[in-house]
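Reviewing the structure listed below.
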Amino acid sequence: MYRILIVDDEPLILNGLVELCNRVTEIELEIFAAATSQEALDWLGRTKVDIVLSDIRMPGMSGLELHQEIMKQWPKCKVIFLTGYSDFAYVQQAIRQGSVDYILKTEGNAKIKESILRAATSLEEERFMDSLFVQAKQQKMLALPYLQQQYMSEILQGDPATIASIHDKFEELHIKLSADTPCLLLIVRIDDWGEIHSATDRALIYFALDNIANELLMPMARSLSMKYEKNKMAWFLQPAEAELTTEGWTRTILFVRGMLEEIQQTCLNLLKRPISLALATDAVEWTSLPQKFDLLNLLFHSGLGIGKELILLEPNRNAKDEDRSEGARLSSVHLHKIEYLKACMENGHEEPFFDTLDELLSVASMAGPFPSGVQLELYFLLVSVLLPHSLIDSDSDAKDLGKFTQMERFETWHQICEEFILTARRIFEQKQVGMNVQEYELIRKIQNYITTHISGDVSLTKIGEVVGHNPSYLSRLYKKLTGQGLLTYINDVRLEKSKTMLEQDCLKVHEIATELGFLSSQYFHRFFKKATNLTPQEYRELKRDQKE
């Protein structure tokens with residue numbers, strides 16, 4: 001749909017142009033009319049306008065001056081100038097200001113319609129060229145650091161599809177690491193921000209920290225960093241030499257270990273910030289990186305890790321230790337799935353929510369005798385997902401909701417799984433009911449406004465202002481919910497109201513046209529005949545004869 005604003009100080013011409021635009025069937029138009037430049041400015045200040053069809057000479061402000069104001073507010077708007085003058089100076093200035101066309105009023109309706117359609121085509125082409133996809137490609141080099149960090153974050157989340165695309169993505173994102181070579185992981189934590197509170201200042205610290213580490217490690221290692229949480233960075237390291245031999249890896253790991261203290265001290269001296277570092281024992285394949293990431297983060301959560309200015313090395317673990325720790329806690333992959341559950345719940349995405357929930361519940365069911373550490377952790381994480389929605393959407397009392405905080409009331413993990421699934425289904429059902437009620441109330445409010453203000457301003461812009469929605473979104477939503485376009489409903493209301501008024505035989509036809517907001521009795525005449533195959537007067541006489 002395109003919004004067209006028609007501006008002309010001569011009423012006959014203004015009404016004629018409105019009627020012309022109403023007969024345009026090739027594109028959908030929402031039409032606004034203004035008899036003065038000030039009225040036009042008022043419309044431009046209320047809603048986005050795609051096309052302006054304007055007289056070039058008007059009292060107070062010329063069409064050219066109006067065009068300058070249009071460009072300030074809606075720079076992509078297409079302007080078509082109409083005039084009775086063939087003054088070359090006007091033509092030249094109109095073209096210089098970038099208007100779509102310049103048409104003499106004597107050229108007729110066909111020329112005007114052609115120009116409107118050409119403007120719509122031009123807008124469509126520009127919309128395509130300005131699409132996010134094209135802009136993203138043009139801005140890609142500027143966005144590369146962010147895109148690289150985003151992709152590395154997805155790798156650490158263990159997403160199989162992400163890791164499967166690693167070769168193509170490394171090339172596409174210009175990541176200077178080898179997708180075929182193992183990776184050594186280093187975690188850095190800023191222990192104390194001191195007086196640095198703003199996100200901008202902290203971003204500068206991260207940037208400086210990255211430069212320091214790159215400078216110190218560059219002789220032996222190439223790296224890529226990624227910020228996560230509020231105070232941590234992960235470095236992905238590989239040997240700098242072209243031949244990645246076992247000997248080369250040994251030298252690289254030894255070099256990185258030896259440089260940890262210097263990185264730490266340089267940050268303290270230059271940035272005045274204490275940091276702690278945790279280094280993996282060995283390099284691993286990209287598919288195993290999420291598990292390594294979890295192990296290094298664990299070092300910061302217990303024992304020595306709660307101190308400051310630490311240098312932590314991943315402890316050597318034998319097979320017995322690995323068996324004991326297997327399933328001891330949820331991995332970062334599972335924690336990210338908890339965040340995904342929250343997003344699904346908020347957005348009403350039911351099917352992916354239950355697919356992910358089943359996956360997490362199955363993982364916990366295999367984590368040892370009930371209640372295992374993983375089951376305890378997952379239980380309270382799922383409570384954090386469901387409880388806020390239960391409090392908002394449930395009609396249960398507080399005592400009933402309190403069951404979520406009492407894990408001891410369950411005898412088996414299976415009982416807990418059933419309770420979570422049942423509660424989640426109830427929440428989704430209540431959300432659907434709530435959405436249906438809100439949709440019904442919105443439709444009722446729209447229709448009530450239209451029926452009570454049919455003789456006034458019932459433009460999509462005005463209705464959007466009344467109900468608090470964007471006009472374009474409102475039009476799409478109304479059609480989705482009712483199966484009928486909003487403009488069609490407005491015309492139906494006008495038609496039924498006009499029939500009632502004609503049957504009452506109290507007002508003249510031109511008075512009914514004015515009462516129902518038609519710009520002219522001629523337009524009302526055409527509108528009514530198109531809908532009923534009768535003119536308003538013929539309809540009135542037919543009903544009068546039927547009564548007799």
Side-chain angles (χ1 to χ4, degrees), residues 128 131-188 206 210 213-214 217 221-229 232-245 248-249 252-253 256 279-280 282-297 330-344 346-347 349 351-360 362-363:
F128 175 76
S131 67
L132 291 178
F133 174 75
V134 174
Q135 286 188 34
K137 292 198 72 172
Q138 293 173 341
Q139 299 294 326
K140 186 175 177 181
M141 295 308 295
L142 295 176
L144 270 180
Y146 169 79
L147 296 175
Q148 289 173 348
Q149 290 210 14
Q150 186 65 29
Y151 184 72
M152 302 309 288
S153 175
E154 291 171 3
I155 287 178
L156 292 182
Q157 293 173 31
D159 179 51
T162 298
I163 296 177
S165 66
I166 192 169
H167 288 87
D168 293 337
K169 283 295 183 181
F170 272 26
E171 181 177 356
E172 177 186 340
L173 300 177
H174 301 277
I175 294 175
K176 303 302 182 183
L177 297 174
S178 171
D180 297 314
T181 303
C183 179
L184 180 67
L185 196 60
L186 171 64
I187 303 294
V188 178
Y206 283 123
D210 192 33
N214 281 330
L217 296 177
R222 49 183 173 173
S223 67
L224 180 67
S225 69
M226 182 203 80
K227 181 179 77 69
Y228 71 101
E229 295 182 0
K232 291 180 183 175
M233 297 182 76
W235 267 289
F236 305 86
L237 305 170
Q238 289 179 339
E241 59 188 44
E243 295 296 328
L244 300 175
T245 60
W249 261 119
T252 299
I253 294 174
V256 172
L279 180 66
D282 55 357
V284 295
E285 299 295 335
W286 292 98
T287 52
S288 301
L289 214 56
Q291 291 76 18
K292 187 69 72 174
F293 180 67
D294 287 332
L295 291 174
L296 291 180
N297 274 296
L330 294 171
S331 69
S332 62
V333 175
H334 299 121
L335 296 179
H336 281 293
K337 290 184 183 295
I338 295 293
E339 294 302 314
Y340 180 64
L341 282 181
K342 292 180 180 178
C344 288
E346 290 172 1
N347 295 322
H349 297 163
E351 186 174 345
F353 177 92
F354 283 105
D355 288 344
T356 306
L357 178 61
D358 288 342
E359 180 185 341
L360 289 170
S362 298
V363 168

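The first residue of the sequence shown is numbered 1, and numbering continues consecutively from there.
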Whether S165 side chain and T162 backbone form a donor-acceptor pair below 3.5 Å = yes
message = How close do A234 and F293 get, counting heavy atoms only, and between which atoms?
response = CB-CE1, 4.5 Å
key: Partner set under salt bridge (charged side-chain N to carboxylate O under 4.0 Å, His left out) for E359, not counting sequence neighbours   = K337
query = Is a salt bridge present between K227 and D210, judged by a nitrogen-to-oxygen distance below 4.0 Å?
reply = no
query = When the ring centroid of Y151 is compared with that of Y146, is the distance short of 6.0 Å?
reply = no
remark   = S288 meets the side-chain hydrogen bond (donor to acceptor under 3.5 Å, both in side chains) criterion, sequence neighbours left out, with none
remark   = Output for pair (M226 CE, Q149 CD), nearest 0.5 Å, gives 7.0 Å
request  = State whether the side chain of Q238 and the backbone N or O of P182 hold a donor-acceptor pair below 3.5 Å, judged by distance alone.
outcome  = yes
message = Let me confirm one number: the CG-NZ distance from L296 to K232, rounded to the nearest 0.5 Å.
response = 10.0 Å
ask   = What are the two closest heavy atoms between A280 and L184, and how far apart are they?
value = O-CD1, 3.7 Å
message = Counting only heavy atoms from other residues, nucleotides and ligands, does the tally under 6.0 Å from CD of E171 exceed 12?
response = no
Check: W235 side chain, A213 main-chain N or O, donor-acceptor pair, under 3.5 Å = no
note = By side-chain hydrogen bond (donor to acceptor under 3.5 Å, both in side chains), H167 pairs with (sequence neighbours left out) D180
key: Among L177, L185, L217, I253, the one residue meeting side-chain contact (heavy atoms from CB on, under 4.5 Å) with L237   = L217
